[in-house]
Student: 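Quick one: structure below, then a few questions.
Heavy-atom basis, side chains included; hydrogens, waters and symmetry copies ignored. Just so it is clear, the structure is predicted and the values come from calculations on it, not from any experiment.
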Amino acid sequence: MTTLFLIALLLVAVIAANIVKPFIPRVPEALVLIIVGGLFTFIPVFKNFELDPEFFLFLIIAPLMFQEGQGISFATMKKHFNAIFQLSVLLALFVVGIVAFVTDKIQSAWPLTLAIALAAIVVPTDAVAVKSMTTGLKMPKGLNQSLELESLFNDATGIVLLDLALSVYKEGHFSLVSAVSHFTIVALGGLIVGALASALIVMLRLYLSFHASSAQATTIPLNIMTPFAIYLLAEHFHLSGILAVVAAGIVHNYEQSRLQLIATESRVISGTIWQTLTTLLNGIVFVILGLSFPKILKLIGDFGFEKSLGLFWLAVIIYIVMYAARFIWVSFQKQDRLVSFFGEHQTEDRIHRAQIFGIAGVHGAVTLALAMSLPKTVNGQPLPFLNEILLVSTLVILISLIAATLVLPKLLDEEELAYSEKELNDARSEMIDASIIKMEQRIADHDTKTAIAQTLQTQKLTVGHPKPSHEQESIALLTKISDQLQERLDQMVEEGYDQNIVDRYSRFMVRGLLSPATSRHPLMQIKQRLHHYRHEFSWHMKTKTFTQGQRRRYRENMLARDPERARLVRQWKDGREAMLSLNKEMQHTADGLLSHALQNELENHEDTENVAEVRQLLDRFFRIVNHDYRKQAVSVKTSEYIQAFADEYAYLSTQLAAGKVKAAVADELYNEINQAQTLLLMEQENHED
């Protein structure tokens, strides 16, 4: 229960950071999460917080690496295999060698194996953290992909090298042959086990997709469980669990590319789940780093000022050495296969990209996990310099994050937006309005038209952009339409309609549409509702009628005893039928007026939100006249919604072909239509069930 409570609080911390982030947009998300984690240390349950490193690797790192693997296609792997090997193995070994050499010279008291262990811990990079820092910045084409490919596999290189360094320290001797064979077996074995196990799981999922009674209930949980199962399987055979889950992710990507439009609903749902899950897990990593602050401060206090300062400078020197190693490696690369990543050799562009590549070597999740995974004892003896390595590793993470935050905005230009927010909102509004106009021309039933129009209007309520007020424009349009409705009422009198009924309806319009809307205030509605309930209760107690049958018999007896009242009731019923007929005619007239107003505002490129607001007010008034105080759900055929979305597609395609809408805007709106249609069809299916 304590573990579940901790996980829940970690999720709360991530949510809190996402709430705070919009108020400080210039601060990278990773740093915000670290700060929130530091603040959460004041919660008693996080006092002396320690996380089991195996638990951390299994529960957080494994699914993150699996998802990263799913983002890399087999074709990309095949095309850039040489680059991946260069970035994830050769570059990682180059950096580890230089960092270990420098650490060994500065900390001469440390065994060389522990210097190598520290270098292996800090070599993995975190491309996800870099992405959060470069939001709104223009990364050179190809360079971002090189960072992702490097991050995908250098984690495993660091893990294998750390395992090798600890093994040598434990055994007390080093053999190049055994080291290379160990590296090959652990890394290659992890890839093979991950690929084979994932292929079997994919075959099982395909079988269940076509034969299981509920495919989604089996294939989606199986997909979520895959990285955990494969990680445990590889670790059981003492192979690289991280490389195994990366290989599994790549195999799953291959499966998706082969399936294409098969099992689309399951793929959409699982994709959404994975996107949400990885966002949360990435956030938790940096929150945990913030939670480690008290432990780091305690270590600094135990070491004393002089030793802590020396370790701080060691961390700074290691970071500078890693930056220099990455910069030099990129600058002097002559392979033609890397030109797409780093630009032409011996050019200013190559030097510029080398600088970015060096600074973008940010460290995060895996470095923290490896530092935590160091054993406290080896051969029954405490591992020397354990706390020093942990402190230096944490400082390297923080230094890399801060350096990237300060330097990357100066090295990168601001990203040019393909379209402005106003262009997107205007195009979306016009698309929806055009679809509503088509729908009103096609459908005769007022309730159906109103239901579809209100549903389409909700597409305008985008996340993060609250609906603005159009009170003045709405009042002006409502007054204009009310005047036109009154003109129609006058015509109906000339056509022979009952003058008394028309006059009564006209008074309803004045009170219900044009008078001050105090009666629609929430507090007034509550007051009116309480008055209604009190009146109902008194009447029931007075007449001793509590069921519908008792009420019907009471009224029948009352009318039988009082002929005059019976005559008035018959007359009232006749008047009510005439009023309902008139109200239906007014609904039809109002629909035409609203459609005409919408068409005019759309042609003049005006904001049409006032039409939607007036539509709601008129609909409420017509329901009141019908004595339909409680709005009933209108049953709309699924085909009508599909046609409405098709009208949106058609309008957007026409505008795109005419050059009135940018291609990027159209792509975004096409995606919105797809999502809205999928969601609505799912809801319709649930209602039918």
Side-chain angles (χ1 to χ4, degrees), residues 419-463 465-481 484 587-620 634 636 639-677 679-680:
Y419 54 84
S420 67
E421 194 72 23
K422 184 178 185 303
E423 287 178 312
L424 178 63
N425 290 335
D426 289 347
R428 181 191 295 113
S429 180
E430 291 179 4
M431 172 191 74
I432 294 168
D433 293 336
S435 177
I436 290 175
I437 291 172
K438 286 279 189 181
M439 177 269 300
E440 289 182 333
Q441 294 171 351
R442 185 177 65 252
I443 299 174
D445 182 66
H446 168 79
D447 291 338
T448 301
K449 288 193 290 187
T450 301
I452 296 177
Q454 290 178 354
T455 299
L456 295 179
Q457 284 290 338
T458 59
Q459 289 179 275
K460 296 182 181 181
L461 304 179
T462 54
V463 177
H465 298 85
K467 184 178 178 180
S469 174
H470 300 81
E471 184 176 357
Q472 295 300 323
E473 295 88 344
S474 299
I475 291 175
L477 180 60
L478 179 62
T479 302
K480 179 180 178 180
I481 289 181
Q484 291 172 322
Q587 284 180 335
H588 179 73
T589 303
D591 287 342
L593 295 172
L594 285 170
S595 181
H596 181 71
L598 184 61
Q599 181 72 51
N600 287 339
E601 294 189 6
L602 183 59
E603 291 175 354
N604 296 327
H605 301 286
E606 299 176 1
D607 192 339
T608 60
E609 286 299 307
N610 58 328
V611 178
E613 293 177 1
V614 170
R615 188 189 303 277
Q616 291 181 350
L617 291 173
L618 286 170
D619 181 60
R620 178 184 179 277
V634 179
V636 180
S639 59
E640 295 292 355
Y641 283 118
I642 293 176
Q643 183 59 52
F645 288 124
D647 290 338
E648 290 184 346
Y649 271 114
Y651 176 82
L652 197 56
S653 299
T654 302
Q655 295 293 98
L656 180 62
K660 297 180 180 179
V661 172
K662 293 181 178 179
V665 173
D667 289 342
E668 178 67 24
L669 292 178
Y670 281 138
N671 186 49
E672 288 185 8
I673 296 171
N674 285 332
Q675 293 177 344
Q677 184 170 256
L679 177 62
L680 191 138

Student: If I take atom NE2 from residue H596 and atom CG from residue N600, how far apart are they, to the nearest 0.5 angstrom?
Tutor: 4.0 Å
Student: So, E440 and R615, do they make that salt bridge, N to O below 4.0 Å?
Tutor: yes
Student: When rounded to the nearest 0.5 angstrom, what distance separates CD in E668 from CD1 in I673?
Tutor: 11.0 Å
Student: Are V661 and M431 side-chain neighbours, meaning at least one heavy-atom pair lies under 4.5 Å?
Tutor: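 No, side chains not in contact.
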Student: Is it the case that D647 and Q643 place a side-chain donor and acceptor less than 3.5 Å from each other?
Tutor: yes
Student: For A644 versus S435, what's the shortest heavy-atom pair and its separation?
Tutor: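 Where A644 meets S435 most closely, the heavy atoms are O-OG, 2.8 Å.
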Student: Can you tell if the side chain of V665 reaches within under 4.5 Å of the side chain of L652, non-hydrogen atoms only?
Tutor: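 A side-chain contact under 4.5 Å is absent here.
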Student: Check I436 against Q457 and note the closest heavy-atom contact, atom names and distance.
Tutor: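 The answer is CD1-NE2, 3.4 Å.
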Student: Considering only heavy atoms from C-beta outward, does the side chain of L424 approach that of L669 to under 4.5 Å?
Tutor: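 Side chain of L424 against side chain of L669, heavy atoms only: contact under 4.5 Å found.
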Student: How long is the gap from CD on E430 to CD on E603, to the nearest 0.5 Å?
Tutor: 11.0 Å
Student: Is the closest side-chain heavy-atom distance between N610 and E601 below 4.5 Å?
Tutor: yes
Student: If you take all heavy atoms of A663 and L656, which pair is closest and at what distance?
Tutor: CA-CD1, 3.8 Å
Student: Return the CD1 to CE distance between I432 and M439, rounded to the nearest 0.5 Å.
Tutor: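 One finds 12.0 Å between CD1 of I432 and CE of M439.
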Student: Roughly how far, to the nearest 0.5 Å, is OG1 of T448 from CD of E640?
Tutor: 7.0 Å
Student: When you compare the side chain of D667 with that of N671, does any pair of heavy atoms fall below 4.5 Å?
Tutor: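 Answer no - side chains too far apart.
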Student: Using only atom types and a distance under 3.5 Å, with no angle test, would you say the side chain of S595 pairs donor to acceptor with the backbone of D591?
Tutor: no
Student: Can you spot which of L593, T450, I481 makes a side-chain contact (heavy atoms from CB on, under 4.5 Å) with L618?
Tutor: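 For L618, the side-chain contact (heavy atoms from CB on, under 4.5 Å) check succeeds only for I481.
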Student: Just so I know, are the side chains of L456 and F645 near enough to count as touching, which here means a heavy-atom distance under 4.5 Å?
Tutor: yes
Student: If we ignore hydrogens and angles and just use 3.5 Å, is the side chain of S429 paired with the main-chain N or O of N425 as donor and acceptor?
Tutor: no
Student: Just verifying a value: how many Å separate K449 NZ and Q441 CD, rounded to the nearest 0.5 Å?
Tutor: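 Between atom NZ of K449 and atom CD of Q441 there are 10.0 Å.
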Student: Over all heavy atoms of both residues, which pair between Y641 and A451 is shortest? Give the atoms and the distance, please.
Tutor: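 Heavy atoms of Y641 and A451 come nearest at OH-O, 4.3 Å.
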